[in-house]
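Notes follow once the structure below has been shown.
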2 protein chains.
Amino acid sequence: MADFSRIAVLGVGVLGSQIAYHTAFSGYDVVAYDVDDEAVERARTRLGRLAERYEREVENAGAGARGVVERIKLTSDVAQAVSSADLVIEAAPERLSVKRRLFAAAGKAAPPHTVFATNTSAIPPSALMDSTGRPDRFLALHFSNLVWRHNIAEVMGTPRTAPDVYASVVGFAASIGMVPIEVKKERPGYVLNSLLIPMLKAAGELLTDDIADPTAIDDVWRIGTGAAYGPCEMLDIIGLTTAHHIASHGDAKQRKFAKLIKEHYLDKGRTGVETGQGFYTYPR
Amino acid sequence: MADFSRIAVLGVGVLGSQIAYHTAFSGYDVVAYDVDDEAVERARTRLGRLAERYEREVENAGAGARGVVERIKLTSDVAQAVSSADLVIEAAPERLSVKRRLFAAAGKAAPPHTVFATNTSAIPPSALMDSTGRPDRFLALHFSNLVWRHNIAEVMGTPRTAPDVYASVVGFAASIGMVPIEVKKERPGYVLNSLLIPMLKAAGELLTDDIADPTAIDDVWRIGTGAAYGPCEMLDIIGLTTAHHIASHGDAKQRKFAKLIKEHYLDKGRTGVETGQGFYTYPR
């Protein structure tokens with residue numbers, strides 16, 4: 001099992017910043033890369049805000065939470081970011097060409113022992129595995145938003161991932177306090193979205209067919225299954241722009257749901273939790 | 001709005017006993033009917049066991065929990081059960097002929113003002129509405145197992161249910177501490193099962209395609225969505241015999257899942273929580 005100690009995170013957006021912060025918080029040396037000086041500045045702000053959330057929400061984070069940010073090296077030079085990395089975690093935008101280019105650059109600059117992981121939700125890892133030039137040292141490591149609370153990491157190899165590489169990444173996920181979820185074969189949506197999307201689709205159909213109101217749907221789900229949120233609140237958290245985008249590429253029922261989201265929510269500026277208005281008004 | 005005070009519960013099985021007990025516990029006069037003296041004896045035992053659970057699990061139930069059982073009148077005479085009922089709640093086995101016969105007998109014996117509700121999960125209420133002879137005073141009132149914890153009651157009318165009858169049953173549900181869920185049109189599965197079944201089907205596919213183990217699937221769901229149980233534990237709670245029955249009537253993928261349940265669980269005597277063995281061993 002590889003003994004990772006230096007981690008590079010490529011892309012410091014919503015999830016990339018959480019991965020970088022949480023990994024550094026767990027004691028690893030972290031270098032975080034983003035495309036240019038401006039993006040690096042935004043990353044710094046994001047990481048600072050995360051430190052504040054850890055102070056408030058994470059047990060024993062305490063005063064040390066801010067020191068974590070100072071320990072993360074930020075750079076807009078990808079070669080420098082990966083030059084001594086044991087593990088590279090890519091969390092760039094969900095565009096095949098962007099991710100391929102990034103893995104190619106990282107593959108060239110990283111030492112031979114480096115392992116590469118993609119956090120992609122939408123792209124099969126086998127579509128990316130060749131970009132690094134070492135498909136046996138490549139796999140998917142998929143985090144969920146709010147990593148300190150929803151602490152799962154889905155580990156999914158391709159047919160060419162070496163078993164010891166897979167095992168070492170499972171070990172790494174556990175070492176930063178994630179529950180590693182071993183996804184045994186490539187599957188779109190991994191496990192979480194394979195379960196979640198059919199339920200959210202069903203909620204969309206209940207709304208478009210006018211069977212029940214959002215609050216009734218969410219009450220049923222929370223009380224009937226003991227869940228923390230109902231599907232409409234989940235859609236608000238995911239963001240209604242994203243929900244609309246996904247539904248508008250679905251079947252006829254889903255496209256009807258996309259229309260409902262657009263007319264009743266997006267066109268009124270209600271995009272979900274991020275704007276404080278979606279199916280509900282936030283904070284609730 | 002009708003002012004219900006005397007409630008008849010027809011059928012004192014797993015859910016019927018909970019409905020009868022919880023309604024009496026909430027202060028109503030309750031008569032409970034089952035088919036013969038033997039069934040009535042079993043009902044008495046069931047209600048006694050429920051009282052013990054309420055003592056342990058329900059806040060402020062305390063010493064009064066046992067007295068509730070004594071207040072419930074038990075009978076094997078359906079006419080007597082409904083002779084002065086304001087509301088009749090049917091919770092008989094899920095067979096159309098059984099429910100129709102029961103509603104016909106109750107409809108003949110009950111006063112003109114009586115409202116009739118079915119707790120059916122599987123039969124559309126419009127297939128039963130004529131049996132009582134007063135379809136305008138008929139609707140579905142659907143409880144969830146462990147009514148004191150999963151306190152939702154889905155209220156679903158037929159096209160012929162009178163609005164004031166619907167409103168009075170919504171009011172009744174709230175008065176016994178349920179969150180009334182207004183299901184605006186007839187829908188197989190109401191709201192809860194419309195959401196739950198697609199998610200459970202997806203879990204079945206992940207298992208039959210050998211994508212992840214039951215514990216991984218459940219970890220993802222609990223941690224990723226904040227739910228109390230994952231889908232495999234839900235199937236254990238529903239019972240694997242029931243899960244097998246439903247899956248074996250589904251599409252090709254579901255029939256494959258039925259086969260998996262039979263071979264790996266049922267044939268080994270693992271039927272879920274009721275036998276202490278299913279996907280998991282109980283108590284966990």
Side-chain angles (χ1 to χ4, degrees), chain A residues 142-147 149-156 178-207 209-213 215-234 237, chain B residues 142-147 149-156 178-207 209-213 215-234 237:
Chain A
H142 185 240
F143 291 85
S144 285
N145 191 26
L146 312 186
V147 297
R149 186 187 308 162
H150 301 307
N151 59 321
I152 46 172
E154 299 183 86
V155 189
M156 186 167 85
M178 299 293 114
V179 175
I181 304 297
E182 302 195 23
V183 187
K184 297 191 253 178
K185 295 173 195 168
E186 265 198 304
R187 182 82 160 193
Y190 302 78
V191 173
L192 180 57
N193 285 335
S194 294
L195 296 170
L196 199 52
I197 288 170
M199 191 278 277
L200 294 174
K201 275 186 178 172
E205 287 179 26
L206 292 172
L207 289 169
D209 293 348
D210 195 29
I211 301 300
D213 294 331
T215 49
I217 291 172
D218 282 9
D219 280 347
V220 161
W221 191 252
R222 283 188 301 98
I223 303 169
T225 74
Y229 331 98
C232 299
E233 189 167 357
M234 284 185 202
I237 294 169
Chain B
H142 185 241
F143 291 85
S144 285
N145 193 26
L146 313 185
V147 296
R149 187 186 307 163
H150 301 306
N151 59 319
I152 46 173
E154 298 183 87
V155 189
M156 185 168 86
M178 299 293 115
V179 175
I181 303 297
E182 303 195 23
V183 187
K184 297 191 252 179
K185 297 174 194 166
E186 264 196 309
R187 181 83 160 194
Y190 303 79
V191 173
L192 180 57
N193 285 336
S194 294
L195 295 172
L196 198 52
I197 288 171
M199 191 276 278
L200 295 174
K201 275 187 177 172
E205 287 180 25
L206 292 173
L207 288 169
D209 293 348
D210 196 30
I211 301 299
D213 293 331
T215 48
I217 291 172
D218 282 11
D219 280 348
V220 161
W221 192 252
R222 285 187 299 96
I223 303 170
T225 74
Y229 330 100
C232 299
E233 188 167 359
M234 285 185 200
I237 293 169

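So that the names make sense, note that chain A is the first sequence line, chain B the second, and so on, each numbered from 1.
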Heavy-atom distances under 4.5 Å only: say whether [X] touches chain B with side chain, backbone, both or neither.
X: A:Pro180; value: neither
X: A:Val179; value: side chain
X: A:Asp213; value: both
X: A:Met156; value: neither

Pick from A:Glu182, A:His150, A:Glu154, A:Glu186 with the largest number of heavy-atom pairs that fall under 4.5 Å of chain B: A:His150
- request: Against chain B, work out which of A:Asp210, A:Leu146, A:Val183 has the most heavy-atom pairs shorter than 4.5 Å and name it.
  value: A:Asp210
Which atom pair, heavy atoms only, marks the closest approach of [X] to [Y]?
X: A:Arg187; Y: B:Asp209; answer: NH1-OD2, 2.8 Å
X: A:Ile223; Y: B:Arg149; answer: CG2-O, 4.2 Å
X: A:Ile152; Y: B:Gly224; answer: CD1-CA, 3.9 Å

message: Quick one, B:Lys184 and A:Ile211 - any side-chain contact, counting heavy atoms below 4.5 Å?
response: no
query: With sequence neighbours excluded, what pairs up with A:Asp219 under the side chain to side chain donor-acceptor pair (under 3.5 Å) test?
result: A:Arg222
query: chain A: which of B:Asn151, B:Thr215, B:Asn145 shares the most heavy-atom pairs with it under 4.5 Å?
result: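 The residue among B:Asn151, B:Thr215, B:Asn145 with the greatest pair count is B:Asn151.
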field: Proximal component of B:Glu205, with respect to chain A [non-hydrogen, under 4.5 Å]
entry: both
Output side-chain donor-acceptor pairs under 3.5 Å for residues 192-204 of chain B, partner residues at least two apart or in another chain, one line each.
unit_1: B:Ser194; atom_1: OG; unit_2: B:Pro188; atom_2: O; d: 3.4
unit_1: B:Ser194; atom_1: OG; unit_2: B:Tyr190; atom_2: O; d: 2.5

